[in-house]
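Let me begin by presenting the structure, written as structure tokens, before commenting on it.
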Amino acid sequence: MEQLIVGIDIGASKTKAVAVEKSQIIGFTSVQTKNISKSAIRALKMVLLAADRRCEDVRKIAISGGGARLIGNTLLELPVIRVDEILALGLGGLELSGKPQALIVSMGTGTALVIALDKGGRIEHIGGTGVGGGIIEGLSRRMLGIKKFEKIEEMANRGVASNVDLTVAELIGGPIGILPPNATASNFKKLNADTDKNDVAAAIFNMVAEVIGVITVMATKAYHLEKDIVLVGKIIQSIKIAELIRNLMKIFQIDVCIPSNGEYCVAIGAVKSII
Ligand SMILES: Nc1ncnc2c1ncn2[C@@H]1O[C@H](COP(=O)(O)OP(=O)(O)OP(=O)(O)O)[C@@H](O)[C@H]1O
Ligand SMILES: [Mg+2]
């Protein structure tokens with residue numbers, strides 16, 4: 001019992017927590033990030049409930065994510081250790097994938113790319129994009145009047161992105177270079193006031209998957225990590241996003257690792273960094 005450590009990741013949208021005992025994850029939880037410290041306390045209480053443990057059993061809390069800087073040195077009187085999010089992401093990505101090195105892409109509200117080499121001995125932030133889950137929710141709220149991710153995904157599944165996006169075939173009559181005819185030449189080029197809402201949802205998903213997919217491919221080539229891509233964060237848990245990214249990767253003959261529980265990557269890595 002005395003070895004219980006809780007990892008908390010306070011992200012822009014969700015606060016995730018894991019309970020780890022003797023190197024085993026015994027509980028997961030995810031709550032909305034609203035008030036930072038209240039969300040962290042809620043996640044802590046809920047993960048203890050999920051793990052069937054009490055506050056007194058916790059030895060330490062490893063806290064990371066954008067909101068971590070606003071948490072003091074204790075949470076419910078338990079000692080808190082703040083962990084840099086890049087470090088946590090790198091260590092978590094290696095842990096979840098079982099790889100000694102990887103390009104880890106955190107697909108959350110925004111998107112961050114981190115390389116982890118030498119079994120975590122070298123971890124570096126190499127870039128990212130503001131395109132992620134936040135733009136899916138924001139554009140859908142405005143363009144579709146819907147904000148719940150699952151509902152937007154349902155619409156995207158019913159829609160056809162190529163009714164909104166201009167394809168390579170439409171532009172030049174066939175394939176070009178490495179691109180097949182159905183690749184996107186211009187996202188949203190065909191959008192107009194009459195476009196079906198399901199098609200708009202499909203195009204939003206397509207754009208987000210393509211932006212993240214393409215920068216991932218470029219980064220992986222730059223760092224020679226083509227065989228070691230690990231995709232984590234909540235939005236890659238979406239079947240639609242994962243399918244779109246895998247299809248895009250096929251053009252570049254690249255395979256990706258999408259570990260289960262990838263949305264807990266930072267929380268897991270934070271614990272890993274202090275044990
Ligand atoms: N059921 C779902 N499946 C996939 N994605 C979802 C689902 N519900 C919400 N999302 C998306 O997940 C995003 C949040 O992902 P995640 O929890 O990984 O990010 P975060 O850690 O809060 O953000 P960041 O890492 O950028 O600070 C939201 O922006 C939302 O669009
Ligand atoms: Mg995050």
Side-chain angles (χ1 to χ4, degrees), residues 7-18 28-36 38-40 42-43 46-47 62-71 82-93 95-96 104-114 123 125 127-144 146-157 201-202 204-209 211-212 215-216 230-246 258-273:
I8 302 180
D9 165 22
I10 309 175
S13 303
K14 305 215 175 186
T15 297
K16 282 78 62 181
V18 293
F28 296 92
T29 203
S30 170
V31 302
Q32 288 293 334
T33 304
K34 287 183 187 153
N35 171 300
I36 301 261
K38 280 187 188 156
S39 300
R42 189 148 169 259
M46 282 181 59
V47 83
I63 202 149
S64 189
R69 70 200 154 81
L70 299 174
I71 301 291
R82 254 175 301 283
V83 179
D84 175 71
E85 184 166 3
I86 303 303
L87 175 67
L89 198 48
L91 292 177
E95 177 74 12
L96 284 168
I104 298 140
V105 184
S106 170
M107 300 170 58
T109 313
T111 300
L113 276 71
V114 164
I123 293 176
H125 185 208
T129 168
V131 171
I135 195 172
I136 295 181
E137 292 187 331
L139 289 182
S140 302
R141 200 180 305 132
R142 178 68 191 240
M143 297 167 85
L144 308 170
I146 288 166
K147 60 176 183 180
K148 198 166 169 48
F149 189 94
E150 292 81 359
K151 179 77 185 148
I152 311 164
E153 183 169 13
E154 265 174 48
M155 290 178 72
N157 281 327
I204 292 172
F205 265 64
N206 201 37
M207 180 186 65
V208 169
V211 170
I212 298 172
I215 64 163
T216 297
V230 180
L231 306 181
V232 298
K234 182 69 180 168
I235 71 166
I236 193 62
Q237 304 302 312
S238 148
I239 292 171
K240 180 81 181 166
I241 292 282
E243 178 189 283
L244 287 165
I245 296 233
R246 283 198 195 279
I258 303 178
S260 47
N261 298 319
E263 67 265 49
Y264 296 98
C265 183
V266 169
I268 292 167
V271 173
K272 192 82 192 155
S273 79

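For the numbers below, each heavy atom of this structure counts, side chains included, while hydrogens, waters and symmetry mates do not. Each ligand, and each atom within it, is numbered from 1 in the order the structure gives.
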Less than 3.5 Å between some nitrogen or oxygen of Glu150 and one of ligand 1, yes or no?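 Yes; the residue has a nitrogen or oxygen that sits under 3.5 Å from a nitrogen or oxygen of the ligand.
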Can you tell me which residue and heavy atom of the protein come closest to [atom], and the distance to 0.1 Å?
{"atom": "atom 8 (N) of ligand 1", "result": "Phe149 CB, 3.4 Å"}
{"atom": "atom 13 (C) of ligand 1", "result": "Ile235 CG2, 3.9 Å"}
{"atom": "atom 27 (O) of ligand 1", "result": "Ala12 N, 2.9 Å"}
{"atom": "atom 30 (C) of ligand 1", "result": "Glu137 OE2, 3.3 Å"}
{"atom": "atom 25 (O) of ligand 1", "result": "Glu85 OE2, 4.2 Å"}
{"atom": "atom 28 (C) of ligand 1", "result": "Ser13 OG, 3.7 Å"}
{"atom": "atom 29 (O) of ligand 1", "result": "Gly133 C, 3.3 Å"}
{"atom": "atom 26 (O) of ligand 1", "result": "Gly110 N, 3.0 Å"}

Measure from atom 18 (O) of ligand 1 to every heavy atom in Glu263, Lys240, Lys234, Lys148 and give the option owning the shortest one. Lys234
Tell me which part of [X] gets within contact of ligand 1: side chain, backbone, both or neither, using heavy atoms under 4.0 Å.
{"X": "Gln237", "result": "neither"}
{"X": "Glu153", "result": "neither"}
{"X": "Ile136", "result": "neither"}

Grab the two heavy atoms, one from [X] and one from [Y], that are nearest each other, plus how far apart they are.
{"X": "Ile146", "Y": "Ile152", "result": "CG2-CG1, 3.8 Å"}
{"X": "Ser64", "Y": "Glu85", "result": "OG-CA, 3.2 Å"}
{"X": "Thr109", "Y": "Ala12", "result": "OG1-CB, 3.6 Å"}
{"X": "Cys265", "Y": "Leu89", "result": "SG-O, 3.6 Å"}
{"X": "Pro259", "Y": "Gln237", "result": "O-NE2, 3.9 Å"}
{"X": "Thr111", "Y": "Val131", "result": "OG1-O, 2.7 Å"}

Is Glu263 reaching over with its side chain to a backbone N or O of Lys16, donor-acceptor style, under 3.5 angstrom? no
When you measure from the side chain of Asp84 to the backbone of Leu87, do you find a donor-acceptor pair of N or O atoms at a distance under 3.5 Å? yes
Can a non-hydrogen atom of Gly65 be found less than 4.0 Å from any atom of ligand 1?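 It does not; every heavy atom stays at 4.0 Å or beyond.
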Test item, Lys16 contacting ligand 1 (heavy atom, 4.0 angstrom):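 Within the 4.0 Å threshold, so yes.
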Count the heavy atoms of every other residue, nucleotide or ligand shown that sit under 6.0 Å from CZ of Arg82, and state whether that count exceeds 12. yes
